[in-house]
> 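The structure is given below, and queries will be raised subsequently.
Chain identifiers are assigned alphabetically (A, B, ...) following the order of the sequence lines, protein sequences preceding nucleic acid strands; residue numbering begins at 1 within each chain.
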Number of protein chains: 2
Amino acid sequence: MTVQPPPEIAVPLVPLEGVDDVGLVRNHVSAGTPVRVVGGVVAAVDDVPAGHKVAVRAIAEGARVRKYGEVIGIALRDIVPGAHVHLHNLGVGSQNLGPATAPAGPSVWTPPATPTRDHFLGYRRPDGRAATRNYFAVLPTVNCSSTVARMIAQAANAQIKAEGLDGVIALTHDLGCGMAEGTAGDDILRRTLRGYAGHANLAGAVVVSLGCEINQPEHVLGDGPAVETLSIQDLGGTAATVNAALDTLRAMASRLAGMRREPIPVSELTLGLQCGGSDAYSGLTANPTLGVAADLLVAAGGKVILGETPEIYGAEHILRARAATPAVGRRIDDLIAWWQAYTANNDAELDNNPSKGNRDGGITTIWEKSLGAVLKGGTSPLNDVVAYADQVTAKGLTFMDTPGYDPVSATGMVAGGANLLAFTTGRGSVFGARPTPSLKISTTTRLFEHMRADMDFDAGPAMSRDDQIRHGILLFEALVDMASGTPSKSEALGFGTEEIVPWRMGAVV
Amino acid sequence: MTVQPPPEIAVPLVPLEGVDDVGLVRNHVSAGTPVRVVGGVVAAVDDVPAGHKVAVRAIAEGARVRKYGEVIGIALRDIVPGAHVHLHNLGVGSQNLGPATAPAGPSVWTPPATPTRDHFLGYRRPDGRAATRNYFAVLPTVNCSSTVARMIAQAANAQIKAEGLDGVIALTHDLGCGMAEGTAGDDILRRTLRGYAGHANLAGAVVVSLGCEINQPEHVLGDGPAVETLSIQDLGGTAATVNAALDTLRAMASRLAGMRREPIPVSELTLGLQCGGSDAYSGLTANPTLGVAADLLVAAGGKVILGETPEIYGAEHILRARAATPAVGRRIDDLIAWWQAYTANNDAELDNNPSKGNRDGGITTIWEKSLGAVLKGGTSPLNDVVAYADQVTAKGLTFMDTPGYDPVSATGMVAGGANLLAFTTGRGSVFGARPTPSLKISTTTRLFEHMRADMDFDAGPAMSRDDQIRHGILLFEALVDMASGTPSKSEALGFGTEEIVPWRMGAVV
Ligand SMILES: [Ca+2]
Ligand SMILES: [Ca+2]
Ligand SMILES: [Ca+2]
Ligand SMILES: [Ca+2]
Ligand SMILES: [Ca+2]
C-alpha cells in the first residue's frame with residue numbers, strides 16, 4: 001500500500017481579510033484541489049484560472065459580493081465556498097451604488113510616505129512653464145494634411161539637429177473636416193489640438209493646413225511656443241509645403257541654441273494616470289502602487305490627472321467621498337449622468353466596458369474593474385473636475401472626463417498639459433504618447449519578463465500595503481528620472497504619434 | 001477731350017441657357033462693371049468673386065433659383081439682375097425637393113461615347129479576381145498595434161523586395177477598442193477591415209493584434225489573399241512581433257515569384273468616385289468630365305461606385321429617376337431618411353456640409369453642391385445601393401452610403417472593392433488611398449498649374465458638353481493606364497495610408 005502525499009492547499013489572496021467574499025488564486029486551481037476559505041479548507045468546485053476569483057464563503061443569490069471591502073457585483077445565484085466567481089454567477093443588473101448626497105469634505109490628508117525627490121532636470125520655457133522634453137511638432141489641422149505632416153517630420157529628423165532637441169514629431173489624426181461646426185465634437189477637437197500646439201514639451205510647432213477644411217488653423221493656435229502655420233493649397237502642393245516647413249523648422253532650431261536642462265521643483269510636474277489591458281492584478285499590485293507614487297507627487301505640490309470616466313463607473317462614490325468641496329463631488333455625479341445618456345443615445349451601455357482581455361484576466365464586472373482603476377489615483381483629496389482636454393490648473397488630484405480607450409484618454413491628458421504619463425497594464429501594452437514620455441508598469445512579474453523590452457517597471461511583487469509603499473517610492477523616483485530625460489521603453493522604441501486619437505464625438509458628414 | 005474706351009463686358013457662363021437664373025463669372029467682377037444678363041447688359045450690383053454666381057434675371061423673394069436647370073436654392077429676398085447670388089440672398093430653408101414616388105424605371109441608356117479601351121494590364125489572383133496593384137499589407141486590429149504595424153512596414157520595405165511587389169503598407173487606424181460590441185459601429189469597423197484584409201490589390205496581409213482588444217483578429221479575416229495573424233501580447237512585445245512579421249512577409253514574398261501583369265478586360269475594374277474641396281467649377285468641369293469617364297467604364301461592363309450621401313442631399317430625386325428598379329430608388333430615399341435622423345441625433349444637420357472652402361469657392365447651398373456632386377456619376381442607370389464598406393457586386397453604377405468626408409468615404413469604397421479611385425478637386429487635395437491608386441482631377445487649369453506636382457488631370461478646359469466628352473475619353477484612358485501600373489501623382493509621392501479612416505459611429509467608451 002502506497003501513501004499519497006497530501007495535496008497542496010491553494011491559498012487565495014484575500015485583499016481585505018474578514019470582509020471580502022472572494023479571493024484571487026495565484027495559479028490555476030483544478031476542480032477538487034483543496035482551497036483555503038473562511039473557517040477551513042474545501043475542495044475547489046470548479047477549475048479557477050490563475051488570477052481569477054474563488055468564493056471564500058457562501059454567498060446567497062442577490063447578495064452584494066465584496067472585494068477590497070467594496071461591492072464588485074451581485075450574486076446571480078447561490079455561490080458555495082470554493083466556487084469560481086465570474087460571469088456565470090456575478091453581475092451588476094441595473095443597480096447603482098453609493099450615496100447621492102454630497103460628502104462632508106475629506107478630513108486632513110496624510111500621504112503614505114514622504115516624497116524622496118524635490119527636483120527634476122527639465123527645460124524652462126520663456127513663458128515660465130516647465131517641460132520634460134524638447135520636441136518640434138508638425139500638427140495637421142485635418143487628416144487631409146496628415147501625410148504631408150509626416151513627410152515633413154521625416155525629412156526634418158534626417159536634416160535638422162540641435163542640442164537638446166528630442167526630435168520632430170508629426171501629430172497626425174483623422175479629424176478636421178466632415179464635421180459640423182459649433183458642436184460639442186468641434187469644440188473638443190479644437191481644444192485638443194490647441195492643447196498640443198501649446199504643449200510645454202514643444203519648443204516649436206508648425207501647423208499644416210490643407211486650406212479648405214472646416215478646422216481652420218486659427219482654431220488650433222493657443223498661446224504657447226513659437227507656432228507657424230502653412231497651407232498646402234496656398235503654397236501650391238506637397239513639395240512646396242515640405243520645403244517651406246523645413247525652412248521654418250531650421251529657423252526655429254537655430255533659435256534653440258543653448259537649451260539645457262536645469263533643476264526644477266517636482267511641483268511643476270503634471271502626471272497623467274492611465275491603465276489599459278487590465279487583469280485581476282491591476283487593482284492588486286500596479287494600480288495601488290501607482291496610487292502611492294501619485295500621492296507622493298501630490299504631497300510634493302505637483303498635479304495628478306485621473307480620468308477614464310467609464311472605468312470609474314460603479315466606484316464614483318469613492319471619488320465623491322474624497323471631493324475637496326461638495327461642488328466637486330457633484331461634478332463627478334454629473335459626469336456619470338452625462339455618460340449614461342451618451343452611451344444610451346449611442347446604443348451602448350457603460351457596463352459593456354470590460355473587454356475580452358479584462359474578462360479573460362478575471363475581471364467580471366465594471367464595478368470590479370472600476371474599483372481597481374480608482375486605486376491608481378491614490379488617496380489624496382479630489383480638488384477639481386475638468387472636461388476632456390481642458391488645461392489642468394489645480395494642484396493635487398484632478399479628474400478629467402475621458403473615455404477609457406487608452407489612446408483617446410491619454411490624448412486628452414496630454415492636451416490638458418500632462419508632462420508625464422504612467423500606464424499600468426496587466427495584459428501588456430506598447431503605448432506611447434509623444435510629446436509626453438510614458439512609463440509602462442506591469443501588474444505581474446510574469447508580464448514584466450514576457451514583455452521585458454516594452455515594460456519599464458514591475459509592480460508584480462507589490463501585493464501587500466508595505467510592498468506597495470516601498471515600490472510606490474521607487475516608481476515615484478523612476479517617474480522623476482523619466483522627467484529628467486531618461487527615455488521610457490516606448491519612447492526609445494519610437495512609439496507615440498499613431499496613438500494621438502482625439503475624442504471623436506458626433507456625426508461624420 | 002479724351003475718349004474713354006468702353007468698359008469690357010463680363011459674360012457669365014450660364015450652364016443651361018434659357019432656364020438658369022444665375023451664371024458664373026470666370027474672373028472677379030467689380031461692382032459697376034457691365035455684365036451680360038438675359039436680354040441685355042446691366043452694371044454689376046456687387047463685387048462678384050471669380051467662380052461665384054451672378055443673377056442673370058430678376059428673381060423674386062421665395063422663388064426657386066435654377067442652375068443646370070435644377071433648383072439650387074430659394075431666394076431669401078428679391079434679387080435683381082447683376083447681383084451677387086450667395087449666402088446673403090440664397091438658402092434652402094427646410095424644404096425638400098423632388099417626387100417621393102418611385103420612378104417608372106429609366107428608358108434605354110445610351111453612353112455619351114464608345115469606350116476606347118477594352119483591356120488593362122493587371123494581376124490575376126489565384127481566386128480569379130483582378131488587381132491593379134500588388135501590395136503586402138500590415139493591418140492592425142486596433143490603434144494599440146498601429147505603431148508596431150508601421151514599424152513592420154518600414155523594416156519590410158527596406159529588407160524585402162520581390163518582382164512586381166509595389167511595397168508593404170501599414171493600414172493604421174484609430175479604432176478597435178473602447179467601443180461597444182455588437183453595435184452598428186462595431187459592424188462597420190469589422191466590415192471595413194475585412195474589406196481591406198481581403199482586397200484584391202493585396203498579394204498578402206499580416207494582421208497585427210495587441211491581444212486584449214475588442215476587435216479580435218477573427219473579425220478581420222475574410223476570404224482573400226494569404227492572411228496571417230500575429231499577437232503582440234502572445235509573442236512578447238514589439239521586437240518579437242516585428243521579427244515574426246518580417247519572417248512571415250519574407251515567406252510570402254518568396255511565393256510571389258513570377259507575378260506579372262497580363263491583359264484583363266476593363267469590365268473587371270471597379271472605380272470609386274470622390275470629390276473633395278469642391279468649388280464652383282466642380283460641377284461645371286471636373287465632375288461632368290468624370291461622369292463621362294464613368295459612363296464609358298459602365299458601357300464597357302465595369303463597375304462604378306458613387307457615394308458621399310450627405311453630398312447628394314437635395315439632388316436625390318435625380319438618382320431616384322435613374323434607379324433601375326423602384327426598390328433601388330426607395331433605398332436612396334431610405335438613406336436620406338437615415339441621415340436626417342443620424343445628424344439630428346448628433347446635433348448636426350445635413351445642410352451644414354458646404355465647408356468654408358466650398359463657400360469661398362462660390363458654392364452657396366447643399367443643393368447646389370449636391371447637384372454638382374451627382375454629375376460625376378454620369379448618366380447610366382443606378383443598379384444597386386449598398387451599405388458602407390459592403391462588397392460591390394453589381395455591374396454598372398452602384399451607390400454606396402458613405403459620409404462626404406473624403407478619407408472616410410474613400411475608405412468605404414476601397415473596402416468595398418474599388419481597385420481605382422478618381423478624385424475631383426477645386427480647391428486642391430493631396431489625397432491617396434492605398435492599396436488603390438487614386439487619380440486627381442483639377443476643376444480649373446489655374447489649380448492644375450498651381451499644384452502641378454499633385455494633380456494628374458486637368459479638367460479645366462471642359463466647359464462645354466463636347467469638351468467634357470472629349471476630355472472624359474482622355475480621362476477614361478488615363479484611368480486605364482493607371483490601372484495598368486502608371487503611378488498616380490499621390491502614389492508616387494507616398495500618400496495613402498494616413499488617409500485610411502474607417503467610419504466611426506457610436507460612443508467611444
Ligand atoms: Ca484605459
Ligand atoms: Ca492617429
Ligand atoms: Ca465634404
Ligand atoms: Ca468628399
Ligand atoms: Ca489613419
Side-chain angles (χ1 to χ4, degrees), chain A residues 143-144 146-148 150-151 172 174 177-178 180-181 183-184 210-214 216 232-233 236-239 277 310 342-343 345-350 352-353 355-357 403-408 427-432 450-451 453-454 493-495 498-499 501 503-504 506-509, chain B residues 143-144 146-148 150-151 172 174 177-178 180-181 183-184 210-214 216 232-233 236-239 277 310 342-343 345-350 352-353 355-357 403-408 427-432 450-451 453-454 493-495 498-499 501 503-504 506-509:
Chain A
N143 180 264
C144 310
S146 282
T147 296
V148 171
R150 193 170 284 280
M151 288 174 180
T172 67
D174 284 356
C177 210
E181 278 186 273
T183 56
L210 177 61
C212 60
E213 66 275 11
I214 286 180
Q216 287 287 297
I232 295 170
Q233 288 172 350
T238 304
Y342 170 60
T343 49
N345 193 34
N346 285 280
D347 297 324
E349 22 174 317
L350 281 173
N352 269 348
N353 196 244
S355 65
K356 178 181 178 301
Y405 186 32
D406 309 331
V408 178
R427 305 272 299 171
S429 157
V430 292
F431 183 80
H450 182 58
M451 291 182 65
D454 295 283
L493 284 166
F495 286 87
E498 280 292 333
E499 296 83 355
V501 183
W503 189 1
R504 149 86 77 183
V508 184
V509 292
Chain B
N143 180 263
C144 310
S146 282
T147 296
V148 171
R150 194 172 284 281
M151 288 174 180
T172 67
D174 284 356
C177 211
E181 278 184 275
T183 56
L210 176 61
C212 60
E213 65 275 12
I214 286 180
Q216 287 286 298
I232 296 171
Q233 288 172 351
T238 304
Y342 171 60
T343 48
N345 193 35
N346 285 279
D347 298 325
E349 21 174 319
L350 280 173
N352 270 348
N353 196 243
S355 64
K356 177 180 180 301
Y405 186 33
D406 308 332
V408 178
R427 304 274 298 172
S429 157
V430 290
F431 183 79
H450 182 57
M451 291 182 65
D454 295 282
L493 285 166
F495 287 87
E498 281 291 334
E499 296 83 355
V501 183
W503 188 0
R504 149 87 78 184
V508 184
V509 292

> Using a cut-off of under 4.5 Å on heavy-atom pairs, state which of B:Cys177, B:Gly211, B:Gly506 scores highest against chain A.
B:Cys177
> Give, as side chain, backbone, both or neither, the part of B:Val508 having an atom under 4.5 angstrom from any heavy atom of chain A.
both
> With a 4.5 angstrom heavy-atom cut-off, could you sort out which part of B:Thr183 is near chain A: side chain, backbone, both or neither?
side chain
> What distance separates A:Arg504 CZ from B:Asp174 CG, expressed to the nearest 0.5 Å?
9.5 Å
> Check whether any side-chain heavy atom of B:Val430 lies under 4.5 Å from a side-chain heavy atom of A:Thr147, and answer yes or no.
no
> Quick one: closest heavy-atom pair of B:Tyr342 and A:Ala507, and the distance?
OH-CA, 3.4 Å
> So A:Phe431 and B:Asn143, do their side chains get closer than 4.5 Å, heavy atoms only?
no
> For A:Phe495, which residues count as a ring pair (Phe, Tyr, Trp, His ring centres under 6.0 Å) partner, sequence neighbours excluded?
none
> In terms of heavy-atom pairs under 4.5 Å, which option from B:Met151, B:Met451, B:Gln233 contacts chain A the most?
B:Gln233
> Sort out for me which of A:Gly237, A:Gly236, A:Gly432 touches chain B most, counting heavy-atom pairs under 4.5 Å.
A:Gly236
> Between B:Asp454 and chain A, which part of the residue has a heavy atom less than 4.5 Å away: side chain, backbone, both or neither?
side chain
> Is there side-chain contact between A:Leu210 and B:Arg427, with heavy atoms separated by less than 4.5 Å?
no
> Among residues at least two apart in sequence or on other chains, which ones pass side-chain contact (heavy atoms from CB on, under 4.5 Å) with B:Arg150?
A:Arg150, A:Glu498, B:Ala170, B:Thr172, B:Thr497, B:Glu498
> Under 4.5 Å, counting heavy-atom pairs only, tell me which of A:Thr343, A:Asn345, A:Ile232, A:Val148 racks up the most with chain B.
A:Asn345
> Closest approach of A:Cys212 and B:Gly277, non-hydrogen atoms and distance?
SG-CA, 3.8 Å
